[in-house]
Amino acid sequence: MAKVLMFHRVLPKKLITQPNAYTTFGTLISQEYFETILSCLSDGDFRFVTVSELTQHSEADKLIALTFDDGYSDNFEFAFPSLQKFNATATLFPIVNPCKDNSVLPLDIYYQCVDEMTLTENERAQYIAGETKRTFYWADPDKQIEMLNSLFKKLPQKSRVSYMNAEQLKEWSDNGFEVGSHGMTHSLLIADYMNKRKILNELQKSKQWLEMVTGKPVIAYCFPAGRYNTKMIAFAKQAGYTSTCLVVRDKKEKEVLPSYDRIFVKPDSINELKTALGIE
């Protein structure tokens, strides 16, 4: 049965500074660990496919689809060569605005501020996975910028992260890797601040820009944070997508499009991953 893995950032161990909110939250793994996973999958006779290729195979096929959310430039610098080393393909779900504008998300600034503060373990946990983070995460992106100024005394002058640019996205695509969409702004489509116009803007404009950059159809959509409902999948279908990626799919809901659960690959958790994949 096919499995879909979810990754975010990848860096060599020597470049992972501490403390690191991405690592703590689980969205940054080392390149060395990533290659351990690729080796394990290759030895386990999994066949690497893109998300869009999953619909072309039966449930019995031993397939693995690797997905990268957000579109950080370290995906291009470090994950990309590792994938090529193991003859593996993958699907990238970039957020368009940071890629197009050479900017970062408010969340990236938030994490950097947290890592630059002196905090107790409990205080840090609140910022990274507690109520403070949840309130921030579910706010409108414009509101998030306002919240940064109220939460932190000083904002960084230079971001420690960057996103893939148009040339890198095209090179990723030209090498046979898939580019899907993760929206324009990483807005959670089911959040209170969203309406139909904003939802379709996220779905359609991101698709159009990525198709212009890659010269190929963009037909897979990944819901930010996996937050969705059946209505959102119907909107994705209306926008021209043929499959969606989630985190956990509600099996009781009628399937509007092929929609895939994903296994969140956390740092240094190979035994847990092997169990999830049925590897002995």
Side-chain angles (χ1 to χ4, degrees), residues 4-37 66-75 77-79 82 92-95 98 103-139 141 144-145 147-164 182 186-188 222-227 245-248 262-276:
V4 184
L5 304 187
M6 173 173 54
F7 301 92
H8 292 78
R9 300 187 58 212
V10 177
L11 280 176
K13 277 183 184 177
K14 64 183 181 182
L15 297 183
I16 300 177
T17 56
Q18 297 299 336
N20 199 300
Y22 297 97
T23 302
T24 305
F25 194 67
T27 51
L28 170 60
I29 65 171
S30 72
Q31 185 181 26
E32 292 84 348
Y33 176 52
F34 181 54
E35 292 197 358
T36 296
I37 293 169
L66 310 179
T67 66
F68 290 83
D69 289 10
D70 304 331
Y72 288 101
S73 60
D74 52 56
N75 290 173
E77 295 173 62
F78 304 109
S82 293
L92 179 76
F93 291 113
I95 307 163
S103 59
V104 297
L105 294 185
L107 182 63
D108 297 312
I109 301 170
Y110 176 99
Y111 276 167
Q112 187 167 341
C113 288
V114 170
D115 285 343
E116 291 175 357
M117 294 169 72
T118 302
L119 299 168
T120 66
E121 190 173 328
N122 286 338
E123 287 170 338
R124 184 172 169 79
Q126 272 300 311
Y127 273 109
I128 295 174
E131 192 59 37
T132 306
K133 164 72 176 297
R134 281 192 290 273
T135 301
F136 183 87
Y137 203 61
W138 280 88
Q144 288 180 347
I145 295 171
M147 292 176 70
L148 287 172
N149 289 293
S150 62
L151 284 168
F152 306 109
K153 293 179 180 178
K154 184 180 179 182
L155 302 185
Q157 295 297 307
K158 183 179 179 182
S159 175
R160 61 181 175 176
V161 301
S162 61
Y163 285 75
M164 289 169 65
H182 207 32
H186 204 266
S187 292
L188 308 186
C222 176
F223 289 98
R227 302 294 182 171
C245 276
L246 322 165
V247 178
V248 179
R262 295 186 296 166
I263 299 167
F264 186 172
V265 181
K266 295 174 284 189
D268 302 317
S269 55
I270 193 67
N271 290 332
E272 183 180 331
L273 181 58
K274 283 182 177 180
T275 299

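Values in this document were obtained by computation on a predicted structure and should not be read as measured data. Numbers here simply count residues along the sequence, with the first being 1. No hydrogens, no waters, no symmetry mates; every other heavy atom, side chains included, goes into these values.
Between Gln144 and Ala139, the shortest heavy-atom contact is NE2-O, 3.4 Å. What you find for Leu107 and Tyr137 is that their closest heavy atoms are CD2-CE1, 3.8 Å. Counting all heavy atoms, side chain and backbone alike, Leu188 lies closest to Pro224 at CD2-O, 3.6 Å. Of all heavy-atom pairs spanning Ala276 and Ile263, the tightest one is CB-CD1, 3.9 Å.
Put simply, the side chain of Ser187 reaches to within 4.5 Å of the side chain of Pro141, judged on heavy atoms. In this structure, Phe223 and Val247 have side chains that are not in contact, with every pair of non-hydrogen atoms separated by 4.5 Å or more. Taking the side chain as every heavy atom from C-beta outward, Tyr110 and Leu105 never approach each other to under 4.5 Å. In this structure the side chain of Leu15 reaches within 4.5 angstrom of the side chain of Phe78, judged on heavy atoms. In this structure the side chain of Cys222 reaches within 4.5 angstrom of the side chain of Arg262, judged on heavy atoms.
Under the side chain to side chain donor-acceptor pair (under 3.5 Å) criterion, Thr24 pairs with Arg124, not counting sequence neighbours. Considering only residues two or more places apart in sequence or on other chains, Asp70 meets the salt bridge (charged side-chain N to carboxylate O under 4.0 Å, His left out) condition with none of them. With sequence neighbours excluded, no residue forms a side chain to side chain donor-acceptor pair (under 3.5 Å) with Thr27. For Lys274, there are no side chain to side chain donor-acceptor pair (under 3.5 Å) partners two or more places apart in sequence or in a different chain. With sequence neighbours left out, Tyr163 forms a ring pair (Phe, Tyr, Trp, His ring centres under 6.0 Å) with Tyr72. In this structure, the side chain to side chain donor-acceptor pair (under 3.5 Å) partners of Arg9, at least two apart in sequence or on a different chain, are Asp74. The side chain to side chain contact (heavy atoms under 4.5 Å, CB included) check on Ser269 picks up Tyr33, Lys266, Glu272, with sequence neighbours excluded. Every residue two or more places apart in sequence or in another chain was checked for a side chain to side chain contact (heavy atoms under 4.5 Å, CB included) with Thr118, and none qualifies. Legend: residues meeting salt bridge (charged side-chain N to carboxylate O under 4.0 Å, His left out) with Arg227, ordered by chain and number and at least two apart, are absent.
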task: Start with the C-alpha distance between Leu11 and Tyr22, add both sets of side-chain angles, then the distance that settles side chain to side chain contact (heavy atoms under 4.5 Å, CB included), and finish with yes or no.
output: CA-CA 11 Å; Leu11 280 176; Tyr22 297 97; over 6 Å; no
message: Assess the residue pair Leu92 and Met164 against the criterion (side chain to side chain contact (heavy atoms under 4.5 Å, CB included)); give the C-alpha distance rounded to whole Å, side-chain angles, the decisive distance to 0.1 Å, and a yes or no.
response: CA-CA 11 Å; Leu92 179 76; Met164 289 169 65; 3.6 Å; yes
Could you pull out every donor-acceptor pair under 3.5 Å between side chains of residues 125-133 and any protein atom, sequence neighbours left out?
residue: Gln126; atom: OE1; partner: Glu131; partner atom: N; Å: 3.1
residue: Glu131; atom: OE1; partner: Arg134; partner atom: NE; Å: 3.3
residue: Glu131; atom: OE1; partner: Arg134; partner atom: NH2; Å: 3.1
residue: Lys133; atom: NZ; partner: Tyr111; partner atom: OH; Å: 2.8
residue: Lys133; atom: NZ; partner: Ile128; partner atom: O; Å: 3.2

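Under the 30°/60° scheme for interplanar angles, the aromatic rings of Phe93 and His182 are found to be tilted. Using cut-offs of 30° and 60° on the angle between ring planes, the pair Phe34 and Phe7 is perpendicular.
Here the CG atom belonging to Asn20 is positioned 10.5 Å from the CD atom belonging to Gln112, to the nearest 0.5 angstrom.
Residue pairs satisfying the salt bridge (charged side-chain N to carboxylate O under 4.0 Å, His left out) criterion with at least one member in residues 11-37, sequence neighbours excluded, are listed as follows: Glu35-Lys85. Sorted by first and then second residue, the side-chain hydrogen bond (donor to acceptor under 3.5 Å, both in side chains) pairs involving residues 147-161 (not counting sequence neighbours) are Asp115-Arg160.
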